[in-house]
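As the structure is a prediction and not an experimental result, all values here were calculated from the model.
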Amino acid sequence: MIGFTNSSDNVNNIPEGGERTRTFNDALFVSDLADVDREFKVIVIPTILPDAEPPATATNPENYTFEATVIIPANSQRGSFTVTGIDNSIEDERGEYFSVAIEGGGNVVSGGRFTIRLRQ
């Protein structure tokens with residue numbers, strides 16, 4: 001089983017018209033150890049935003065990139081995940097959001113989502 005250790009986090013201080021990269025260390029956790037590196041696919045999923053006034057904003061895919069695969073190193077239960085926020089069309093000063101998850105299937109059971117807020 002694999003999932004994220006937190007449900008959300010931020011990429012802050014994205015320069016206007018620029019980008020900022022952040023690595024979320026130990027953001028992933030697997031339930032068992034293995035003596036080889038393990039690779040998992042990261043996918044975008046629909047963002048569920050809590051009620052806010054005014055409503056929170058899901059961002060356009062042009063405003064971010066992220067690692068399509070993540071590695072859990074051999075003999076470890078934790079892994080990191082890197083996201084780049086890109087200010088192509090971020091308009092909400094409070095930040096805009098997107099969510100990812102680990103793709104399940106075969107012998108992979110994934111749990112939870114990771115929602116990232118992009119802020120200038």
Side-chain angles (χ1 to χ4, degrees):
M1 184 163 169
I2 182 169
F4 288 92
T5 56
N6 290 314
S7 61
S8 65
D9 213 323
N10 303 313
V11 177
N12 294 321
N13 303 313
I14 301 169
E16 189 170 331
E19 60 184 55
R20 180 166 310 277
T21 298
R22 178 168 178 205
T23 298
F24 300 98
N25 294 313
D26 294 333
L28 295 155
F29 179 82
V30 294
S31 58
D32 61 340
L33 288 171
D35 58 1
V36 296
D37 289 355
R38 292 172 284 174
E39 185 174 299
F40 300 93
K41 184 176 178 183
V42 181
I43 57 173
V44 174
I45 60 172
T47 299
I48 299 172
L49 298 169
D51 293 335
E53 192 59 47
T57 305
T59 197
N60 292 318
E62 68 185 14
N63 290 321
Y64 59 85
T65 62
F66 60 88
E67 294 176 295
T69 57
V70 291
I71 304 290
I72 303 294
N75 301 310
S76 178
Q77 289 180 285
R78 299 219 177 232
S80 300
F81 177 64
T82 300
V83 172
T84 299
I86 307 163
D87 181 22
N88 285 319
S89 62
I90 297 173
E91 295 180 10
D92 192 329
E93 291 179 4
R94 298 170 302 143
E96 297 183 2
Y97 300 80
F98 74 100
S99 296
V100 295
I102 302 298
E103 184 174 63
N107 62 351
V108 176
V109 177
S110 70
R113 68 180 61 235
F114 187 54
T115 299
I116 298 105
R117 178 168 59 171
L118 306 174
R119 288 197 302 190
Q120 296 175 322

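- Under the rule for a side chain to side chain donor-acceptor pair (under 3.5 Å), the partners of Asp32 that lie at least two apart in sequence or sit in another chain are Arg38.
- Residues forming a side chain to side chain donor-acceptor pair (under 3.5 Å) with Asn60 (at least two apart in sequence, or on another chain): Ser89.
- The main-chain N or O of Ile45 is never found under 3.5 Å from a side-chain atom of Ser99 such that the two would form a donor-acceptor pair.
- Not a single donor-acceptor pair under 3.5 Å links the side chain of Gln77 to the backbone N or O of Leu33.
- Expressed to the nearest 0.5 Å, how far CG of Asn107 lies from CE of Met1 amounts to 14.0 Å.
- Tyr97 OH to Thr59 OG1: the interatomic distance, rounded to the nearest 0.5 Å, is 11.0 Å.
- For Ser80 (side chain) and Thr23 (main-chain N/O), no donor-acceptor pair under 3.5 Å exists by modelled atom type.
- In this structure, Asn88 contributes its side chain and Asn63 its backbone to no donor-acceptor pair below 3.5 Å.
- The hydrophobic clustering, which links ILVMFWY residues whose side-chain heavy atoms are closer than 4.5 Å, places Ile116 and Val44 together.
- The side chain to side chain donor-acceptor pair (under 3.5 Å) search around Thr84 returns Thr21, not counting sequence neighbours.
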- Task: Dump the intermediate steps for side-chain contact (heavy atoms from CB on, under 4.5 Å) on Thr5 and Leu28, then the final yes or no.
- Result: CA-CA 6 Å; Thr5 56; Leu28 295 155; over 6 Å; no

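- Sorted by first and then second residue, the salt bridge (charged side-chain N to carboxylate O under 4.0 Å, His left out) pairs involving residues 12-29 (not counting sequence neighbours) are Asp9-Arg22.
- A donor-acceptor pair under 3.5 Å is formed between the side chain of Ser76 and the backbone N or O of Arg78.
- Sorted pairs that involve residues 95-119 and meet salt bridge (charged side-chain N to carboxylate O under 4.0 Å, His left out), not counting sequence neighbours, are lacking altogether.
- Note: the hydrophobic cluster containing Phe29 does not contain Ile2 (ILVMFWY, side chain heavy atoms under 4.5 Å, direct or indirect links).
- Using bins of under 30°, 30° to 60° and over 60° for the plane-to-plane angle, the ring pair Phe4/Phe81 lands in the perpendicular bin.
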request  = Just do the side-chain contact (heavy atoms from CB on, under 4.5 Å) check on Tyr64 and Leu118 with the steps written out, would you?
outcome  = CA-CA 8 Å; Tyr64 59 85; Leu118 306 174; 4.0 Å; yes

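- In this structure, the ring of Phe24 has its center less than 6.0 angstrom from the ring center of Phe114.
- Residues Ala101 and Gly112 share a closest heavy-atom pair of CB-O, 3.7 Å.
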Quiz: residues 65-75 side-chain donor-acceptor pairs under 3.5 angstrom, not counting sequence neighbours:
{"from": "Glu67", "atom 1": "OE1", "to": "Thr82", "atom 2": "N", "distance (Å)": "2.8"}

